[in-house]
A.B. asks: 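Got a structure for you, written out below as structure tokens; questions coming shortly.
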Amino acid sequence: MHARMIMAAALLEETWHEERVCGELDLSLTLTTGQAFRWHSLGGDDGITWVGAVGQYVFALKSRDDSTLTYHTLHTPQDHTHTPSHTLRDYFRLDTDLSELCTSWANADPNFNSKVSQYKGVRLLRQDPLENVISFICSSNNNIARISGMLNSLCENLGEPICCYGDHTIYGFPTLDSLCADNMESTLRDLGFGYRSKYVAMAAKSIVEKGGVEWLLGLREKPYAEVVTSLRTLSGVGPKVADCVAMMSCDKLEAVPIDTHVWSVAVRDYGLAKKNKSLTASAYKEIGDHFRDLFGPMAGWAIAVLFVADLDRSGRYKGESIQSPKGSKGKRKRKDQQSLKSAKKRKT
DNA sequence: ACAATACCTCGTGT
DNA sequence: AACACGAGGTATT
């Protein structure tokens, strides 16, 4: 009996490695706050383990302390050109000294300074462009919980299983080819993507026409303005999503994605764009330019930290919305119609 | 340029 | 129980 248990333990033995982090790394703040949507957390005896795929690699991650990433490689792709160590250092940008950056941002801005001590360790992930665009097309008018559900469902249905860990099966993100299958829009509707189904289906085909994944990866070599212009030719990609992708997977850290929340932070804490009722193109640029001016060439990362600082523990916003003054006539009308349509559908 | 509207779905609050 | 609301927006008037 005892021997059997020891044998079982030996068979399941996991080899853990460590990477030194330049500055801090907080896995929870980095993996659950809306940059990536496919990391699972497992509660263990010695803390939380995060499991997920980075490309075709699958890792289990733990953090021993602020400055150490502890990992176990669950799956290594056949044709890998990089080591697990290299892959993780790249994904988490471990060679970028985050404490140095935070110091310079804190020196530049009192508001950042007042918040950073609680939220150091928010790292900007360097993600795969295809998964990144598709994910953020799905993020429109949506919430993190549902986005995660949609993307996991997408991978389970259209991606390939890579390996298992505990009771989880880890899937790869669907290939561009599989996203171009016939009737993709209706497939995605069945998966609960709603009106984003058409955007995703069209964007996938459009990416193929432009040169596929190579085209997306090639954007990393182009200047920021051109990256945004190129991305915005894809359906479902507007100014905010284009900035997300430019920043998170195309190496344009000067991109400042402005969603309703960053907008309200800009108004509340920086006195910007107050007079506009909607986030116009010029207000969008004004806010972005302000933060680029304030924080410098990696302004997007600084904003990501401020963004996380305004989430509560369940990933919801702390601050009050400045967008809907509660009595807005236009807004009310829209909502009522929306509800009416939903009601009709339910009865039918 | 800017404002107004529609768009799927779903957990939460009343 | 039923309904309204809003969630990391975008496309189309």
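Chain naming here is simple, since letters A, B, ... match the order of the sequence lines and numbering starts at 1 in each.
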A.B. asks: Just call it for A:G236: base, sugar-phosphate, or nothing, with non-hydrogen atoms closer than 4.0 Å on any strand.
C.D. replies: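 Counting heavy atoms under 4.0 Å across all strands, the contact made by A:G236 is with sugar-phosphate only.
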A.B. asks: With rounding to whole Å, what would you report as the distance between B:dA6 and C:dG6 at their C1' atoms?
C.D. replies: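 To the nearest whole Å, 16 Å.
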A.B. asks: Roughly how far apart, to the nearest Å, are B:dC2 and C:dA11 at atom C1'?
C.D. replies: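 The same atom, C1', in both gives a distance of 15 Å.
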A.B. asks: May I ask you to say what A:T33 touches in the nucleic acid, namely base, sugar-phosphate or nothing, with a heavy-atom cut-off under 4.0 Å?
C.D. replies: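 Answer is base: heavy atoms of A:T33 come under 4.0 Å of a base.
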A.B. asks: Taking the side chain of A:T280 as its heavy atoms from C-beta onward, which of C:dG8, B:dC2, B:dT9 lies nearest to it?
C.D. replies: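 Among C:dG8, B:dC2, B:dT9, the one nearest the side chain of A:T280 is B:dC2.
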A.B. asks: Going by modelled atom types, is there a donor-acceptor pair between the base of C:dG9 and the side chain of A:Y195 at under 3.5 Å?
C.D. replies: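 Between C:dG9 and A:Y195, which were checked side chain against base, a qualifying N/O pair under 3.5 Å is present.
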A.B. asks: Would you say the side-chain atoms of A:D289 and A:Y284 include a donor-acceptor pair closer than 3.5 Å?
C.D. replies: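 A:D289 vs A:Y284: no donor-acceptor pair found between side chains.
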A.B. asks: Determine the interatomic distance between P on B:dG11 and the same-named atom on C:dT10; round to the nearest Å.
C.D. replies: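 About 24 Å, rounded to a whole number of Å.
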A.B. asks: Map A:R146 and A:A242 onto DNA chain C by nearest heavy atom, then report which one ends up closer to the 5' terminus.
C.D. replies: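 By nearest-heavy-atom nucleotide position, the 5'-most residue is A:R146.
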A.B. asks: What is the distance, rounded to the nearest whole Å, between atom CD1 of A:I144 and atom P of C:dA7?
C.D. replies: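 Going from A:I144 (CD1) to C:dA7 (P), I get 12 Å.
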A.B. asks: Indicate, with a heavy-atom threshold strictly under 4.0 Å, whether A:S197 touches base, sugar-phosphate, or nothing.
C.D. replies: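 Here A:S197 touches no strand at all.
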A.B. asks: Tell me the partner of B:dC8, counting only Watson-Crick (N1-N3 plus N6-O4 or O6-N4) or G-U wobble (N1-O2 and O6-N3) with both under 3.5 Å; none if nothing fits.
C.D. replies: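 Pairing partner, where one exists within any strand: none, as none qualifies.
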A.B. asks: Whether A:K62 engages the ring of A:W16 as a cation-pi pair (distance to the six-membered ring centre under 6.0 angstrom, angle to the ring normal within 45°) should be assessed.
C.D. replies: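 Satisfied, under 6.0 Å and within 45°.
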A.B. asks: Rounded to the nearest Å, what distance is computed from the CD atom of residue A:Q35 to the P atom of nucleotide C:dG8?
C.D. replies: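 Taking atom P of C:dG8 as the reference, CD of A:Q35 is at 14 Å.
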A.B. asks: Looking at the side chain of A:V241, which of B:dC8, C:dG8, C:dT10 is the nearest nucleotide?
C.D. replies: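 Given the options B:dC8, C:dG8, C:dT10, the side chain of A:V241 is closest to C:dT10.
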A.B. asks: Is the gap between the ring centers of A:H261 and A:F307 under 6.0 Å?
C.D. replies: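 Yes; A:F307 has its ring centre under 6.0 Å from that of A:H261.
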A.B. asks: Going by atom types only, do A:D65 and A:T68 share a side-chain donor-acceptor pair under 3.5 Å?
C.D. replies: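 Yes, a side-chain donor-acceptor pair sits under 3.5 Å.
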A.B. asks: Are A:D26 and A:Y119 linked by a side-chain donor-acceptor pair shorter than 3.5 Å?
C.D. replies: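 Side-chain D/A pair, A:D26 to A:Y119: absent.
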A.B. asks: A:V262 near the nucleic acid: base, sugar-phosphate alone, or nothing, with a heavy-atom cut-off under 4.0 Å?
C.D. replies: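 Touches nothing.
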A.B. asks: Using whole Å, what does the distance between atom C1' of nucleotide C:dG6 and atom CD1 of A:I147 come to?
C.D. replies: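 Those two atoms, CD1 and C1', are 13 Å apart.
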A.B. asks: Does A:L234 reach a base, just sugar-phosphate, or nothing at all? Heavy atoms under 4.0 Å.
C.D. replies: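 Sugar-phosphate, no base atom in range.
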A.B. asks: Nearest to the side chain of A:A281, which nucleotide is it out of B:dC7, B:dC2, C:dT10?
C.D. replies: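 Nearest listed nucleotide: B:dC2.
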A.B. asks: State which of C:dT10, C:dG8, B:dT9 makes the closest approach to the side chain of A:F307.
C.D. replies: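 Side chain of A:F307 sits closest to C:dG8.
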A.B. asks: Could you state the atom-to-atom distance from CE of A:M247 to C1' of C:dG8 in whole Å?
C.D. replies: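 So the CE-C1' distance, A:M247 to C:dG8, works out to 11 Å.
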A.B. asks: Any side-chain N or O of A:S278 below 4.0 angstrom from OP1/OP2 of B:dC2?
C.D. replies: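 Checking A:S278 against B:dC2: no side-chain N or O falls below 4.0 Å of OP1 or OP2.
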A.B. asks: What interatomic distance, in whole Å, is found between C1' of C:dC5 and the corresponding atom of B:dC7?
C.D. replies: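 My reading of the C1' atoms in B:dC7 and C:dC5 gives 16 Å.
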A.B. asks: Please report the distance, rounded to the nearest Å, between CZ in A:F193 and P in B:dC10.
C.D. replies: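 Result: 12 Å.
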A.B. asks: Given C:dG9, B:dC8, B:dC2, identify the nucleotide with an atom nearest to the side chain of A:S282.
C.D. replies: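 The answer is B:dC2.
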A.B. asks: Assuming nearest nucleotide by heavy-atom distance, tell me which of A:R232 and A:N143 is located more 5' along DNA chain C.
C.D. replies: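 Upstream on the strand: A:N143.
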A.B. asks: Within this structure, what is the NZ-to-P distance between A:K285 and B:dC2, rounded to whole angstrom?
C.D. replies: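 For the pair A:K285 NZ and B:dC2 P, the rounded distance is 13 Å.
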A.B. asks: To the nearest Å, give me how far apart CZ (A:F136) and P (C:dA7) are.
C.D. replies: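 From A:F136 CZ to C:dA7 P: 17 Å.
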A.B. asks: On a plain distance test, is the side chain of A:R196 in donor-acceptor contact with the base of B:dC8 below 3.5 Å?
C.D. replies: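 Looking at the base of B:dC8, it does pair with a donor or acceptor on the side chain of A:R196 (distance under 3.5 Å).
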A.B. asks: Taking atom P of C:dG8 as reference, at what distance in whole Å does atom CE of A:M248 sit?
C.D. replies: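 These atoms are roughly 13 Å apart.
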A.B. asks: Hey, are A:D79 and A:T81 close enough side-chain-wise for a donor-acceptor pair under 3.5 Å?
C.D. replies: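 Short answer, no.
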A.B. asks: For residues A:Y171 and A:N157, is any side-chain donor paired with an opposing acceptor at under 3.5 Å?
C.D. replies: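 Side chains of A:Y171 and A:N157: no pair found under 3.5 Å.
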